[in-house]
Every structure is written in C-alpha cells, then in structure tokens.
Chemist: 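Quick one: this structure, given as structure tokens, is what I'll be asking you about.
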Amino acid sequence: MSHTNLKVHAVWATKFRKPLLIKEIRFLICQHIRIHAHSKGIQIHSIDGYLDHIHCLFTLPSDLSLSQAIQILKGESAFWINKQNYFSHAFAWAKEYYAVSVSESAVPEIALYIYAQEQKHQHFDQVIKAFGVSNNPRL
C-alpha cells in the first residue's frame, strides 16, 4: 500500500474572473466541495476565497494525480453549482489553476491565509478606491 503526505495549495477562478461568488453562495460551494472531496478521499484542510476565485489547501491522495484531484474539486463543483440554479446563466470555472506544494510546518499559516481571503481582498479593494488604482487582477 502506498502512502504519501503531499499538501497542495490550489487556486482557481471563475470563468472570465466574473465576481459571482458572493459570501453566501461561496460558503455553500466550499461546503459542497469539502463534502465531495471527502467522499473521493481528498482531505481538505482549508477552503475559501473571494468574489472571483477559490483557495483550497488539501492533501493529495496517493492514488490521484494533481490534475485528477483538481478536476474532482473544480469539475464536479461546477456541475453541482449549475444544478442549484444559483445563477441565471451557466456557471463555469476558468480552465487554468495554480497549485503549489506546502510543507507540513506551513499548513497552519496557509490555512489562516485562506480563511482571511475576504478580509484581505476587502482591504485591497478599499486601497484601490482610495488611490484610484486600476483593479487589474493580473497585477
């Protein structure tokens, strides 16, 4: 039997980075992703995001590749979101994602970072408004 202990911090966005994930809907989506991931053997340590993206810290099971795990998290959740009719149009995640390995000692710090996403982005939005800076997500 294989055993691995690979922690991954992944981030993925809504298609065209549309700001669709209001707090209440994002909470339900994250709950669903957590439950579905668990049923597939993926342990989620932390999951949250902001209006247009999700951060997720999870343990990658030994029987899944990274791309398979991301497909489980993103693909099934998009199907579920559409089934819930949260939006008047079809929901989709962007094809791309970002993922990085995380050392065991950094798990608590990354988990806190993920749970602070809304606060961090609200502060950033306030700075943008105060200084008239462009809100370009690629910056």
Side-chain angles (χ1 to χ4, degrees):
M1 182 170 150
S2 300
H3 176 73
T4 60
N5 187 15
L6 303 172
K7 306 290 190 270
V8 177
H9 177 190
V11 183
W12 61 90
T14 58
K15 191 169 185 176
F16 305 120
R17 293 197 70 113
K18 289 185 179 178
L20 302 171
L21 306 178
I22 62 170
K23 188 174 187 172
E24 295 79 13
I25 291 175
R26 188 174 65 249
F27 175 79
L28 295 171
I29 291 168
C30 289
Q31 264 190 323
H32 175 78
I33 291 172
R34 186 182 292 276
I35 291 166
H36 182 71
H38 179 75
S39 76
K40 298 295 184 181
I42 301 171
Q43 179 188 4
I44 293 183
H45 303 280
S46 180
I47 183 168
D48 204 353
Y50 196 52
L51 295 172
D52 64 353
H53 67 280
I54 295 288
H55 287 254
C56 184
L57 176 62
F58 63 94
T59 298
L60 183 65
S62 61
D63 62 340
L64 293 177
S65 69
L66 177 60
S67 62
Q68 289 171 321
I70 296 292
Q71 177 58 35
I72 288 169
L73 299 173
K74 287 175 55 182
E76 192 283 334
S77 64
F79 175 79
W80 180 83
I81 292 164
N82 284 314
K83 199 170 151 184
Q84 303 309 305
N85 292 315
Y86 288 139
F87 309 108
S88 60
H89 51 79
F91 175 86
W93 297 114
K95 290 181 184 179
E96 302 82 13
Y97 63 88
Y98 168 81
V100 64
S101 59
V102 174
S103 70
E104 189 74 36
S105 62
V107 167
E109 182 181 348
I110 300 299
L112 288 174
Y113 171 79
I114 290 171
Y115 284 129
Q117 283 299 295
E118 184 162 2
Q119 181 182 5
K120 176 186 143 237
H121 283 283
Q122 285 176 344
H123 174 73
F124 182 69
D125 290 347
Q126 289 171 351
V127 170
I128 286 171
K129 285 179 185 173
F131 292 99
V133 178
S134 170
N135 189 6
N136 183 342
R138 301 196 192 290
L139 297 179

Chemist: For residues Leu73 and Cys56, determine if any side-chain heavy atom of one lies less than 4.5 Å from a side-chain heavy atom of the other.
Modeler: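 Leu73 reaches Cys56 side chain to side chain.
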
Chemist: Could you go through Ser46 and Ile110, starting from their C-alpha distance and side-chain angles, then the distance that decides it, and tell me whether this counts as side chain to side chain contact (heavy atoms under 4.5 Å, CB included)?
Modeler: CA-CA 8 Å; Ser46 180; Ile110 300 299; over 6 Å; no

Chemist: Taking the side chain as everything from C-beta on, heavy atoms only, tell me whether Glu76 gets closer than 4.5 Å to His32.
Modeler: yes

Chemist: How long is the straight-line distance from CG of Leu20 back to CD1 of Ile81, given to the nearest 0.5 Å?
Modeler: 9.5 Å

Chemist: Does any donor atom in the side chain of Lys7 or Asn5 lie under 3.5 Å from an acceptor atom in the other side chain?
Modeler: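 Side-chain D/A pair, Lys7 to Asn5: present.
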
Chemist: Tyr97 and Trp80: same hydrophobic cluster, using ILVMFWY side-chain contacts below 4.5 Å?
Modeler: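 Both belong to a single hydrophobic cluster.
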
Chemist: I'd like to know if the side chain of Arg17 reaches the main chain of Asp52, judged simply by a donor and an acceptor atom lying under 3.5 Å from each other, with no hydrogens or angles considered.
Modeler: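 It does not hold such a pair.
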
Chemist: What closest approach, in Å, do Arg26 and Leu51 show between heavy atoms, and which atom pair accounts for it?
Modeler: NH1-N, 4.1 Å

Chemist: In terms of heavy-atom contacts, does OH of Tyr115 have more than 12 from other residues, nucleotides or ligands at under 6.0 Å?
Modeler: yes

Chemist: Can you measure from CD (Glu96) to NZ (Lys15) and round to the nearest 0.5 angstrom?
Modeler: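 Reported value, rounded in 0.5 Å steps: 10.0 Å.
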
Chemist: Using the six-membered ring wherever Trp is involved, compare the ring planes of Phe91 and Trp93 and label them parallel, tilted or perpendicular (cut-offs 30° and 60°).
Modeler: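 Rings of Phe91 and Trp93: perpendicular, over 60°.
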
Chemist: Parallel, tilted or perpendicular for His55 and His53, by the 30°/60° rule?
Modeler: perpendicular

Chemist: Is the side chain of Arg34 donor-acceptor paired with the backbone N or O of Ile44 at a distance under 3.5 Å, no angle test?
Modeler: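 At least one qualifying donor-acceptor pair exists.
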
Chemist: Hydrophobic clusters here meaning ILVMFWY residues chained together by side-chain heavy-atom distances under 4.5 Å, can you tell me if Phe27 and Ile29 are in one?
Modeler: yes

Chemist: Hey, are the side chains of Val102 and Leu6 touching, using non-hydrogen atoms and a 4.5 Å cut-off?
Modeler: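 Heavy-atom side-chain distance check fails, nothing below 4.5 Å.
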
Chemist: Look at atom CZ of Phe79 and say whether more than 12 heavy atoms of other residues, nucleotides or ligands are closer to it than 6.0 Å.
Modeler: no

Chemist: Does Gln31 reach the side chain of Ile33, with side-chain heavy atoms less than 4.5 Å apart?
Modeler: no

Chemist: Sort out for me which residue in His9, Glu109, His45 forms a side chain to side chain contact (heavy atoms under 4.5 Å, CB included) with Ile114.
Modeler: His9

Chemist: Locate the shortest heavy-atom distance separating Ser65 from Gln68; write the atom from each residue and the value.
Modeler: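 Heavy-atom minimum between the residues: N-OE1, 2.7 Å.
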
Chemist: Hydrophobic cluster membership, with links at side-chain heavy-atom distances under 4.5 Å among I/L/V/M/F/W/Y: are Leu28 and Ile35 in one?
Modeler: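 Per the 4.5 Å side-chain linkage, Leu28 and Ile35 are not co-clustered.
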
Chemist: Answer yes or no: is there a donor N or O on one side and an acceptor on the other, between the side chain of Lys74 and the main chain of Ala94, under 3.5 Å?
Modeler: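 Such a contact is found between Lys74 side chain and Ala94 backbone.
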
Chemist: Measuring from Leu66:CG to Gln71:CD, what's the distance to the nearest 0.5 Å?
Modeler: 12.0 Å

Chemist: Is any side-chain heavy atom of Tyr113 less than 4.5 Å from a side-chain heavy atom of Leu57?
Modeler: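 With C-beta onward as the side chain, the pair stays apart.
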
Chemist: Counting C-beta onward and ignoring hydrogens, is there a side-chain heavy-atom pair between Thr59 and Ile42 closer than 4.5 Å?
Modeler: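 Result no, sub-4.5 Å side-chain heavy-atom pair not found.
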
Chemist: To check you understand the geometry: which heavy-atom pair defines the closest contact between Gly41 and Pro61, and what is its length?
Modeler: O-CG, 3.2 Å

Chemist: If you define the side chain from C-beta out and look only at heavy atoms, does anything of Asp48 sit under 4.5 Å from Ile54?
Modeler: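 Heavy-atom side-chain distance check fails, nothing below 4.5 Å.
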
Chemist: Working to the nearest 0.5 Å, report the span between CD of Gln43 and CG of Leu60.
Modeler: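 Nearest 0.5 Å value for the CD-CG distance: 12.0 Å.
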
Chemist: Let me see the working for Val100 and Val8 under side chain to side chain contact (heavy atoms under 4.5 Å, CB included), right down to the final yes or no.
Modeler: CA-CA 6 Å; Val100 64; Val8 177; over 6 Å; no

Chemist: What verdict does the side chain to side chain contact (heavy atoms under 4.5 Å, CB included) test give for Ile25 and Phe87, after you've listed the backbone C-alpha separation in whole Å, the side-chain angles of each residue and the deciding distance to 0.1 Å?
Modeler: CA-CA 10 Å; Ile25 291 175; Phe87 309 108; 4.1 Å; yes

